[in-house]
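First listed ligand is number 1; within each ligand, the first listed atom is number 1. Values in this document were obtained by computation on a predicted structure and should not be read as measured data.
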Amino acid sequence: MKRLCNPNYIMHSRSSLLCFGALALAVAASAPLAHAQGAEQDAPAKNAIFFVGDGMGVSTVTATRIFSVGIDGHLTLDQAPFTALSQTYTSDHITPDSAGTMTAMMTGVNTNSGVIGFGPETERQDFLGNGDGPALTTVLELAKAQGKMVGVISTARITHATPAACYAKSNERNEEEYIALQALPTDAEYNLGLGSGIDLLMGGGRRFFVPDTVVDEEGSTGRRTDGRDLRAEFQAAGYTYVYDQTGFDTLSGANLPILGLFESSHMEYEYDRLTDLGGEPSLEEMVAKAVEILEANSPNGYFLMVESGRIDHAHHAGNAYRALVDTEEFDAAINAALQLVNLGETLVMATADHSHVFNIAGYPLRPQVELPYPVAYAPVEYMASAHGNILNTVFDINASTGGVEISSDLNAVPYTALLYGNGPGHRGAGGRVDPWSDATAGYGGVIPLGPEDPAYMQEAAVPLSSETHAGEEVAIYAWGPNSHMVRGTGKNTGCFRLMKRALGL
Ligand SMILES: [Zn+2]
């Protein structure tokens with residue numbers, strides 16, 4: 001993955017690297033820098049890009065760093081000049097879902113899990129039967145009302161909870177057929193808060209735009225029960241519709257407004273993307289294209305939401321490999337945006353909606369090439385490790401002999417550094433088995449070739465069909481005007497307030 005450099009961006013990253021661990025102190029002590037940076041940071045932002053790594057908890061960022069650039073390396077996320085901790089609980093759950101958290105981040109109102117665009121007085125599916133409360137206003141709607149262009153990109157279905165919370169209102173996140181209508185300017189259910197409409201929509205989820213009697217461009221049957229073909233209706237409303245890599249490659253500002261639906265359901269995991277039937281763009285490609293189009297065509301500025309939706313799905317499937325590759329791709333997409341924007345006028349924020357029960361466990365030794373001392377002996381599995389040893393079983397140094405030895409559990413069975421608290425990776429009644437001889441079916445049903453195989457399903461303590469989210473804080477990373485406000489620990493609703501303030505909405 002190539003990482004080019006925006007000079008403006010490099011300036012920030014160098015200073016953040018130098019001051020790491022004492023950033024606030026360093027800025028305060030360095031008056032000229034603080035003044036220059038502060039002046040730039042306090043200026044109003046013309047544009048804002050809000051990146052959401054769905055399910056990208058801090059342990060996912062750490063594991064991705066080791067997997068991708070090495071434990072001493074720096075992801076784009078690591079180079080953000082300002083960071084904070086964001087609390088993710090919803091009005092009714094300690095551990096949240098994406099509907100509640102994205103509504104909070106888009107509207108500034110903490111609400112119930114499962115609910116999109118309504119406040120805490122709205123129960124999921126209105127189970128009390130007392131009707132919904134007033135609909136909330138999103139930062140996307142406010143930006144549109146001020147004449148800015150607005151875009152929504154996701155590798156999940158574009159009608160899925162996170163993207164939907166930018167533009168729709170529903171007391172049930174799974175009402176995706178209905179959610180799609182709220183983005184269609186000519187429909188009776190259209191969300192009038194979107195004005196002339198969302199200028200750019202790209203992602204998966206074609207199934208909720210295609211009738212359940214019709215086979216789509218990649219051979220999948222639609223899911224709409226009302227017989228309507230929204231692909232045609234969006235085009236009648238002025239949208240350019242594309243569905244594959246070839247169509248994506250032709251897009252330019254002349255095609256606005258744009259609807260790109262690249263998959264029947266969610267887009268492919270980045271690891272599997274090249275096997276896609278019709279061909280589909282990467283998240284990095286979608287972001288670069290969108291930012292180029294918006295930069296060139298929005299004199300009043302723009303708001304763009306970008307979701308990496310499948311970090312979450314890979315974790316739910318207990319497959320760390322795909323979660324890490326999608327996080328690496330998310331990081332590359334942020335880098336692509338940072339290269340294309342002017343950070344003097346564009347606020348860029350990246351965060352997660354919630355974490356996952358994903359752990360870096362034991363005391364795994366770093367690879368031999370990274371150790372400050374030679375080792376007396378080592379198992380072949382240790383010597384052959386890839387990806388900074390993060391996917392491997394745990395090895396440790398024996399301080400008496402200077403040799404590397406396998407770390408094992410109480411029953412002398414080795415275990416991997418990456419583990420899940422629950423999920424499909426539970427090994428069943430037979431108990432734990434050595435990951436190197438484990439024949440448990442991995443992601444996609446194949447028998448994995450050890451714990452570093454892309455199909456390997458990490459072990460889980462509690463058997464569940466789907467691994468769950470986790471309740472601890474997630475990080476917020478920020479660049480550009482007003483990003484210095486991103487500090488300390490606070491509720492995720494602060495994301496809305498910061499963007500509203502920065503954009504003068
Ligand atoms: Zn999830």
Side-chain angles (χ1 to χ4, degrees), residues 51-61 63-64 86-106 110-116 124 152-166 168 170 172-176 179 203-205 263 265-271 283 305-327 329-330 350-359 418-426 443 457-458 460 462-475 492:
F51 283 92
V52 180
D54 199 312
M56 189 189 67
V58 170
S59 59
T60 299
V61 176
T64 301
S86 175
Q87 297 164 320
T88 65
Y89 59 92
T90 57
S91 299
D92 61 347
H93 285 80
I94 294 170
T95 295
D97 86 324
S98 298
T101 53
M102 191 59 174
T103 296
M105 294 191 286
M106 286 294 99
N110 196 358
T111 191
N112 297 317
S113 294
V115 171
I116 289 171
R124 186 167 188 171
V152 177
I153 294 175
S154 177
T155 51
R157 293 192 296 268
I158 206 70
T159 50
H160 210 238
T162 303
C166 297
S170 177
E172 172 51 59
R173 56 177 285 173
N174 293 324
E175 294 286 345
E176 293 181 65
I179 286 167
E263 192 65 36
S265 183
H266 306 300
M267 291 177 70
E268 303 283 355
Y269 288 115
E270 176 60 23
Y271 180 77
L283 186 65
M305 193 292 294
V306 178
E307 184 204 22
S308 173
R310 308 219 65 201
I311 298 167
D312 179 65
H313 300 160
H315 278 324
H316 281 308
N319 180 235
Y321 200 105
R322 281 171 176 74
L324 302 188
V325 173
D326 265 34
T327 307
E329 176 65 17
F330 179 61
T351 188
D353 45 0
H354 53 74
S355 185
H356 272 266
V357 290
F358 177 62
N359 301 301
L418 298 180
L419 295 168
Y420 288 102
N422 58 43
H426 185 77
Y443 177 81
M457 203 189 294
Q458 277 71 21
V462 176
L464 290 180
S465 61
S466 177
E467 177 265 6
T468 72
H469 302 169
E472 76 274 10
E473 283 80 65
V474 296
N492 57 4

When you check the gap from the basic side-chain N to the acidic O, do Asp97 and Arg173 get nearer than 4.0 Å?
yes
Would you check if the Zn ion (ligand 1) lies under 2.8 Å from any N, O or S atom of Asp54?
no
Going by salt bridge (charged side-chain N to carboxylate O under 4.0 Å, His left out), name the residues that satisfy it together with Glu473, two or more places apart in sequence or in a different chain.
none
Applying salt bridge (charged side-chain N to carboxylate O under 4.0 Å, His left out), can you list everything that pairs with Glu472, at least two apart in sequence or on another chain?
none
Would you say the Zn ion (ligand 1) has His316 as a near neighbour, meaning an N/O/S atom of that residue under 2.8 Å away?
yes
Look at the N, O or S atoms of His469, main chain and side chain alike, and state whether any lies under 2.8 Å from the Zn ion (ligand 1).
yes
Can you name the closest pair of heavy atoms from Gly55 and Thr60 and give their distance?
O-OG1, 4.0 Å
